[in-house]
Amino acid sequence: MAQKSSKKGYIDLHTHTIYSDGGLTPNGLIVKAKEIGLKAVAIADHDNVAATEVALIKGAELGIEVVPAIELTAYVNEDTDFHILGYFINQRDRNLRDKLETYQKEREEKSKKVVANLNKLGFKIDFQEVKKLAKGTIAQPHLAYIIVNKAENSEKLIKEFGEVPSTGEFIREYLATGAKAYEPRSAASPQEAIELIHIAGGVAVLAHPCWNLTKKDGNKLVFDDSWIEKLVKMGLDGIEVYAHRENKEDTEKCIEHFEKLADKMKLVKTGGSDYHGFGSAGKDLGFDDFYLKIPTSVLEDLRSRVKVEV
Ligand SMILES: [Zn+2]
Ligand SMILES: [Zn+2]
């Protein structure tokens, strides 16, 4: 009993549902959040806001605050992309909806090309299967999931990987930027992504800088903050400071680094597990499997950054 109540009062500002590459429906996610005692969640599906309305209703029913959110992909060039989180956006904003529709179409075209590349490389996968699996935004884990779970691919996979790989391993080898079946696609620039979020009334936050802007040199983490400075000039409001890296030690180092940077640059500090519940990305909902927890004060700081129209 005591242990259960000790979990209460925490939040998770970075989660995914079936409308991008998550495993749970919006309702399923809110029910799970209730079960583990979370006070608030933000569903930040990739380039998609379809979960928001349903989640808001379920959240109100179960007493969990749902923060309308999104995770936009922004490309700098073919080798570099960022994920920009938008919080407290108006999910019905026309401009946002129109843009998201364009991004969905572009993702679909890209996926068709990647499927063709995978076929050429000898893997069995059909675009219709991808369409069926992805309820909303098509993302790399959908393709990887089909490949690694299809019996016809086992022999080839075992030959190459030694065993059937995890979706994450397959993504790194075949689908990630510059990998064997990779195809670039056009997407928003960081400036456009930040503006799109602002126009929809939201707060723009750089997702997981500890992965995108941090390299590992042996055992040492090497931070490159030059991009954050550029993004701040474009209007970035915050950074996702409370996020994970491979282990506790590196996570602590990242938090310390980005906490200081955010304070210096007067950026809001957010945090979340990047819970997917599908494939191998992120941690458990509410960091249930990790030492890190996000207190409600983080949400209050974020809320204070919402620009109220007068
Ligand atoms: Zn992301
Ligand atoms: Zn994410």
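Just follow the structure's listing: the first ligand is 1, and inside any ligand the first atom is 1.
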Next item on the list: Restricting to N/O/S, name the atom of Asp274 that gets closest to the Zn ion (ligand 2).
Entry: OD1
Next item on the list: Specify whether Tyr174 and Phe170 have parallel, tilted or perpendicular ring planes, treating 30° as the upper limit for parallel and 60° as the lower limit for perpendicular.
Entry: parallel
Next item on the list: Inspect the surroundings of NZ in Lys269 and state if more than 12 heavy atoms from other residues, nucleotides or ligands are less than 6.0 Å away.
Entry: yes
Margin query: With a 6.0 Å cut-off on the ring centroids, do Tyr242 and Phe287 count as close?
Written below: no
Check: Is the distance between the Zn ion (ligand 2) and the nearest N/O/S atom of His16 smaller than 2.8 Å?
Finding: yes
Note to self: Side chains of His244 and Asp274 only: does a donor on one sit below 3.5 Å from an acceptor on the other?
What the structure shows: no
Margin query: Students often mix this up, so state it plainly: with edges at 30° and 60°, are the rings of His83 and His46 parallel, tilted or perpendicular?
Written below: perpendicular
Next item on the list: Check all N, O or S atoms of His83 and name the one closest to the Zn ion (ligand 1).
Entry: ND1
Check: Taking the Zn ion (ligand 1) as the vertex, what is the angle from OE2 of Glu71 to NE2 of His208, given to 10 degrees?
Finding: 110°
Notebook entry, point to check: Hey, is there an N, O or S on His46 sitting under 2.8 Å from the Zn ion (ligand 1)?
Noted result: no
